[in-house]
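Proteins come first, then strands; the chains are lettered A, B, ... in the order of their sequence lines, and each starts at number 1.
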2 protein chains.
Amino acid sequence: MQTSTRDRIVVAAARLLQRQGYVGTGIKQIAQEAQATLGSVYHFFPGGKEAVAVAAIKHGGEDFATLLRKALESEEDPAEAVNACARQLAEELRESGWIDGCPLTAAALETLGTDSEIQQACAEALRSWDQLVSDKLLRCGFRTQSARELATTIISALEGAEVKAQVDRSEEPLQAAGRQLARLVRSYEVGTGVSVDGDDV
Amino acid sequence: MQTSTRDRIVVAAARLLQRQGYVGTGIKQIAQEAQATLGSVYHFFPGGKEAVAVAAIKHGGEDFATLLRKALESEEDPAEAVNACARQLAEELRESGWIDGCPLTAAALETLGTDSEIQQACAEALRSWDQLVSDKLLRCGFRTQSARELATTIISALEGAEVKAQVDRSEEPLQAAGRQLARLVRSYEVGTGVSVDGDDV
DNA sequence: CTCTGGATAGAGCGTTCGTTTTAGTGATTA
DNA sequence: TAATCACTAAAACGAACGCTCTATCCAGAG
């Protein structure tokens with residue numbers, strides 16, 4: 001067997017959580033999709049559904065981070081790098097038939113009221129994505145404060161644009177966000193590549 | 001009786017959908033929250049759970065539009081108006097204990113695969129919000145194309161920032177988005193208030 | 001070989017789901 | 001008075017839920 005049963009469970013759970021959310025995904029469905037049995041699931045995850053979800057969200061969060069990292073590294077210019085992120089998201093979204101969006105938004109929103117570990121895993125993933133963008137901006141000469149605020153806004157906008165793209169079944173929201181975010185990033189730059197401060201920092 | 005049973009059902013359903021999503025909200029829970037009986041729910045909504053959800057999402061979408069309209073009208077300057085939207089969302093979110101976010105994101109994501117009317121209602125609401133922002137920008141002298149692309153990005157960013165704020169239990173993502181979006185809007189303006197075009201339009 | 005323990009397999013537990021069904025209420029109309 | 005109507009009320013259906021339980025498999029240690 002190529003991949004371990006445990007890994008297949010995590011991967012299948014991540015995909016299902018991404019598409020159907022936490023409440024909408026059943027343990028039995030995860031087992032079936034992973035070509036595992038219910039017994040195996042509870043063997044590897046004695047914590048039950050929530051434990052599977054936490055592992056799946058961590059996995060999905062790292063997957064998304066990898067996509068983000070590659071897109072950010074594909075362009076030297078930070079504005080173009082952000083645009084590349086949007087384009088990459090748009091492409092994957094379209095190819096999946098508009099169903100594979102952010103791997104954790106649905107699960108995060110459903111478990112907001114609760115104090116489950118799922119919340120913590122989602123928060124951690126979001127923070128790591130912010131960090132990736134922020135680091136890119138810092139490498140491009142942005143000041144710490146500007147980079148952080150810009151990065152969190154970029155992630156927010158990509159996140160929201162992806163939801164809109166899914167609902168609209170159209171790449172347009174992501175394309176628009178990519179262009180506008182690039183413009184926003186450029187508003188911090190001067191021709192020399194040396195950063196300047198915004199007037200609202 | 002002050003409010004009609006039907007209205008109470010819609011309002012209760014809207015609140016529950018906002019907090020728990022579509023799958024996470026039961027018909028019986030809606031009935032209980034609305035102080036109605038199951039029979040009443042099926043009397044007013046023969047279409048069952050989905051019909052209730054559609055009505056609730058339309059209601060929530062209009063509520064959100066009202067909030068947006070008021071915030072946009074509270075400031076003449078478009079950049080400040082967008083910032084006001086973010087501040088208003090942050091305030092309501094904090095006051096609700098970080099649980100009353102966007103009224104339809106959760107439900108929209110959960111029903112993505114399906115072809116239910118819920119999708120359509122969500123798409124319509126999102127479009128109407130875009131329109132509100134776009135109209136404000138047009139009134140401030142923006143060109144049609146710029147206004148549309150900027151508006152959809154603003155809604156995307158606010159949407160995403162609200163999700164991040166909920167997960168982080170912090171106003172910061174919304175505040176950052178408000179400031180950065182204001183900066184983006186200002187990048188289109190010259191001192192006279194007459195619009196100029198972006199170089200990427 | 002036997003023994004052991006991780007891994008697999010699936011029946012079945014109690015509960016809740018969305019929905020249907022039937023009965024009953026009270027005000028309006030003929 | 002009798003009939004009709006919108007509405008309320010609650011019992012009960014089959015299906016699916018998360019989870020527990022017991023039984024089985026099988027590679028490696030003694």
*Just checking A:G26: base, sugar-phosphate only, or nothing, at a heavy-atom cut-off of under 4.0 Å?*
sugar-phosphate
*Geometric cation-pi criterion A:K49 and A:Y22, 6.0 Å radius, 45° cone*: yes
*Report the distance from atom CZ of B:R183 to atom CG of A:L184, rounding to the nearest 0.5 Å.*
7.0 Å
*Checking all strands, does A:I27 fall into the base, sugar-phosphate, or nothing category for heavy-atom contacts under 4.0 angstrom?*
sugar-phosphate
*If you find the nucleotide of DNA chain C closest to B:K28 and the one closest to A:K28, which residue's nucleotide is nearer the 5' end?*
A:K28
*So does B:S40 get a side-chain nitrogen or oxygen closer than 4.0 Å to the phosphate oxygens (OP1/OP2) of D:dT8?*
yes
_Using a heavy-atom cut-off of 4.0 Å across all strands, would you classify B:G39 as base, sugar-phosphate, or nothing?_
base
*Roughly how many Å is it from NZ in A:K49 to P in D:dA16, rounded to a whole number?*
15 Å
*asked:* If the cut-off is 4.0 Å, is A:H43 near the phosphate of C:dA7, judged by side-chain N/O to OP1 or OP2?
replied: yes
*Does B:W129 use its side chain to pair, donor to acceptor, with the backbone of B:G61 at less than 3.5 Å?*
yes
*asked:* Please identify which of these residues, A:R94, A:R15, A:R19, meets the salt bridge (charged side-chain N to carboxylate O under 4.0 Å, His left out) condition with A:D100.
replied: A:R19
*A:E50 side chain to A:I118 main-chain N or O, any donor-acceptor pair under 3.5 Å?*
no
*d(CG, A:L38; C1', C:dG12) in whole Å*: 11 Å
*Counting only non-hydrogen atoms, which of residues 12-22 of chain A are less than 4.0 Å from DNA chain D?*
none
*Take the protein atom CD of A:Q29 and the nucleotide atom C1' of D:dA15, then report the distance between them rounded to whole Å.*
15 Å
*Atom-to-atom span, CZ of B:F45 to P of D:dA6 - whole angstrom*: 16 Å
_Distance check needed: C:dT19 C1' versus B:Y42 OH, whole Å only._
5 Å
*asked:* Whether A:T5 contacts C:dT8 is assessed here as follows: a side-chain N or O lying under 4.0 Å from the phosphate OP1 or OP2. Is that the case?
replied: yes
*Which part of the nucleic acid does A:F44 contact within heavy-atom distance under 4.0 Å: base, sugar-phosphate only, or nothing?*
sugar-phosphate
*CZ of A:R8 versus C1' of C:dA7: gap in Å, rounded?*
12 Å
*Can you check the B:Q32 CD to D:dT8 P distance for me, whole Å?*
17 Å
*Report yes or no: is the cationic atom of B:R148 (NZ for Lys, CZ for Arg) under 6.0 Å from the centre of the six-membered ring of B:F142, at an angle within 45° of the ring normal?*
no
*Whichever of A:P46 and A:G24 has its nearest DNA chain D nucleotide further upstream toward 5'*: A:G24
*asked:* Checking the side chain of B:K164 only, and the main-chain atoms of A:S156 only, is there a donor and an acceptor separated by less than 3.5 Å?
replied: no
